[in-house]
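The figures here come from the full heavy-atom set of this structure, side chains too, leaving out hydrogens, waters and symmetry mates. Predicted model, so just to flag it, every value in this text is computed and none were measured.
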Amino acid sequence: MNKILLLTALTGLTACQPAAVDQAAELDALMRTSKAWSDVSGTGDIEAELSYWADDAVFMPPGADFLEGKAAIRAFLEQESALENFSVEWTPRSGYVAASGDIGYLVEVLRLEWDDAEGNRVSVPGKILTVWRKSPAGEWENIADSYNFIEQ
């Protein structure tokens, strides 16, 4: 009788264990998400760009205070997109997804470009660190984003 109780208890415990997460597949999905975000950024479609940020995201661009939440981030993006011939792109370089599969980070390479007041093209390289979590819908969303420039 004790063996039956033990077997029942062990079966119940293993049934409660979460399914194994394929961290490499999740990292690949996260990198694809970041690339899709890069593709819409700087196009003037601020709603599409904002859709990658969580409602409670924190954005920390160089030379600016903490931008907390989508309203503050929207104001920054509107100002940025007003630059003449503005473009931005980034590429994930490396990253990590936790064994739980619900949080991760990316290290990325950045390039910002625009025309200055005299019409000269300005091109600035940078680097980014982003932190992501899975939304309740199972999609990756950016919760923290910080970048800086690389001296040329």
Point to revise | Atom pair CD1 (I46) and OG (S41), whose distance is rounded to the nearest 0.5 Å | key: 10.5 Å
Exercise for review: Return yes if some donor-acceptor pair links the side-chain N/O of T33 with the main-chain N/O of A29 below 3.5 Å, else return no.
Suggested key: yes
Check your understanding: Can you hop from W53 to V131 via hydrophobic side chains spaced under 4.5 Å?
Key -> no
Point to revise | Side-chain donor-acceptor contact under 3.5 Å, T43 with D45 | key: no
Exercise for review: Look at the side chain of R121 and the backbone N and O of N85, then say whether any donor-acceptor pair between them is shorter than 3.5 Å.
Suggested key: yes
Exercise for review: Report yes if some heavy atom in the side chain of L30 is under 4.5 Å from a heavy atom in the side chain of Y105; otherwise report no.
Suggested key: no
**Study point:** From CH2 (W90) to CG (L106), nearest 0.5 Å
**Key:** 11.0 Å
Revision key, fill the gap. Between R111 and S123 the two heavy atoms that sit nearest each other are NH1-OG, 2.7 Å
Review point. Are V109 and V124 connected in a single hydrophobic cluster, I mean Ile/Leu/Val/Met/Phe/Trp/Tyr linked by side-chain heavy atoms less than 4.5 Å apart?
Key: no
Review point. Is there side-chain contact between F149 and L112, with heavy atoms separated by less than 4.5 Å?
Key: yes
Practice item. Working to the nearest 0.5 Å, report the span between CD1 of I128 and CG of L110. Key: 4.5 Å
Practice item. Please write out which residues are connected to M60 in a hydrophobic cluster, directly or through intermediates, given that two of Ile, Leu, Val, Met, Phe, Trp, Tyr count as joined at side-chain heavy-atom separations below 4.5 angstrom. Key: V58, F66
Check your understanding: What distance separates D55 CG from E141 CD, expressed to the nearest 0.5 Å?
Key -> 7.5 Å
Point to revise | Atom pair NZ (K35) and CD (E89), whose distance is rounded to the nearest 0.5 Å | key: 6.5 Å
Study note, to complete from the structure: Rounded to the nearest 0.5 angstrom, the CD-CZ distance for E113 and F86 is 9.5 Å
Check your understanding: Taking side chain as C-beta onward, heavy atoms only, is V107 less than 4.5 Å from L129?
Key -> yes
Review point. Are I143 and Y52 connected in a single hydrophobic cluster, I mean Ile/Leu/Val/Met/Phe/Trp/Tyr linked by side-chain heavy atoms less than 4.5 Å apart?
Key: no
Check your understanding: Out of curiosity, does V40 fall in the hydrophobic cluster containing V88 (side-chain heavy atoms, cut-off under 4.5 Å, transitive links)?
Key -> yes
Exercise for review: Please list all pairs passing the side-chain hydrogen bond (donor to acceptor under 3.5 Å, both in side chains) test where one or both residues lie in residues 72-82, with sequence neighbours left out.
Suggested key: E47-R74
Practice item. Compare all side-chain heavy atoms of R133 with those of D102 and state whether any distance is below 4.5 angstrom. Key: no
Review point. Are any non-hydrogen side-chain atoms of W132 and V97 less than 4.5 angstrom apart?
Key: no
Practice item. Please confirm whether the backbone N or O of M31 pairs with a side-chain atom of S34, one donor and one acceptor, at under 3.5 Å? Key: no
Point to revise | Sequence-distant partners of W140, ring pair (Phe, Tyr, Trp, His ring centres under 6.0 Å), two or more places apart | key: none
Point to revise | In one Ile/Leu/Val/Met/Phe/Trp/Tyr side-chain cluster, 4.5 Å: V122, L83 | key: yes
